[in-house]
Amino acid sequence: MRLITLACEECGSIVAGNVLERYGHVDCPGPNCDRTLQLDSLTDDEQRHLVDNSEKYSIE
Amino acid sequence: MKGLILAGGTGSRLRPITYTLPKQMLPIAGKPVLEHAVEKIRRAGIDEVGIVLGEHGHEAIKSYFGDGSGFGIDITYIHQGEPLGLAHAVGCAEQFVGDDPFVLYLGDDLIQQDLSEFVDRFDPETQAGSLAVQHVADPSRYGIVNVNDDNEIVGLIEKPDDPPTDMAAIGIFILTPLIFERIREIDPSWRGELELTDAIQRAITDGEQFTVYTVDGWWRDVGTPEDVIESNYLALDDLDPDLMGVVEDEANVKGRVHAEPGSVIKSGATVVGPVYLGEGATIESGTYIGPFTTIAAECTIDGCRIEQSVVLRGSEIETDQQVSETLIGRNVTVVDRQDGRNELLLGNDATVRL
């Protein structure tokens, strides 16, 4: 299964693509980082893959 | 080498406790389960650690560990979100791992043995991975590792009817970045999860070398209330005694008791170790705290006889009843009614045996 993640450029913390696809944007998980990580920071291909395969990236 | 601790999962078998606290933060012998994992990894000489967080409870973990500097490590957090399987959790950490081999540690695992030898023996030039195993009495209950004469793994079998060996994989691995290609090659299993065993099995089938390392001493994974009580029992047996709190005259303290600053054992109370008392815990007169009990910070225990139990932060137990083999959550109140009737206010999924 394709692994899609986004790393914070500020602190290196990582968010899974499925989280970004679900919420659109999330606060960086880094404890001292105030960045927001955005779905549209992923490539168009990555975003499309997450949407097209959303059933694989969801346990519900 | 880096460390990667998986701290997601729903903790469904520990509800209602896990509605408000991730199971990895349950105190075992005075420390969260996850802190035991962090210590094992740090003592093996690893100071770069990734912690994979699930959908719930990550604030409690981040708030406790912060950037890791207070624990002698540098932590990178990885937000996995939904529990899509161990292989997905590992896959989310690819950017953190980079080109290094890494110890993978399931965050609800507790082991007695140090990991230094496991780490020192691993050679990433010749091995694609190594699995920590333990000989078990009932292999049909576990994920079992099958090996050849050279101790190389030839297969992984989940809860086999006819186990080829008695070696159970205990949830601690050393892997190399080769695993990420294998994870990309697999699909979710029938339960919708990306299984790490599928990725490792695929690598083995393709000729990559995986070995076993036998762990001595005890091992438990903390998945149920019974596991918490039993793990606490085992961990307290290795407890270093230290009475940093107040022990009043006429208090009776026997055995190995670790009492944090601010704790008070009042005159007329009895504490028989091994027992852990958290900061600000108060043991009132007439109370008996028996062996293998953890009383977390800011609890008050008054009048009861309690043993082989874990009481979380801020709870108050004021009763002349006996409490044993019990897990009590945070800020719980247990008091006697004088009319003999039971009056209960219980959260969802609670269990009470009267």
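Letters A, B, ... mirror the listed sequences (proteins, then strands); counts begin at 1. None of the values given here were measured: they were computed from a predicted structure.
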Option that, when pairs with chain B are counted at under 4.5 Å, heavy atom only, ranks first among Leu37(A), Ile4(A), Leu3(A), Asn32(A): Leu3(A)
Asp99(B) atom CG: more than 12 heavy-atom contacts under 6.0 Å: no
Residue His56(B) excluded, over 12 heavy atoms near NE2 under 6.0 Å: no
Best-contacting candidate, Glu185(B), Gln95(B), Glu55(B), against chain A by heavy atom pairs under 4.5 angstrom: Gln95(B)
Proximity breakdown for Leu20(A) and chain B, heavy-atom pairs closer than 4.5 Å: neither
Between Asp187(B), Ile183(B), Thr76(B), the one whose heavy-atom pairs under 4.5 Å with chain A are most numerous: Ile183(B)
Residue Glu9(A) excluded, over 12 heavy atoms near CD under 6.0 Å: no
Side-chain heavy atoms of Pro29(A) within contact of His58(B), under 4.5 Å: no
Closest-packed option against chain A by number of heavy-atom pairs under 4.5 Å, given Glu94(B), His88(B), Glu59(B): His88(B)
Gly30(A) backbone acceptor or donor facing Lys62(B) side chain under 3.5 Å: no
Non-hydrogen side-chain atoms of Arg184(B) and Arg2(A) separated by less than 4.5 Å: no
Point-to-point distance, once rounded to the nearest 0.5 Å, from CD of Gln80(B) to CD1 of Ile14(A): 12.5 Å
Gap between atom SG of Cys33(A) and atom CG of Asp67(B) - 0.5 Å precision: 12.5 Å
Straight-line distance of Cys11(A) SG to Tyr77(B) OH, nearest 0.5 Å: 11.0 Å
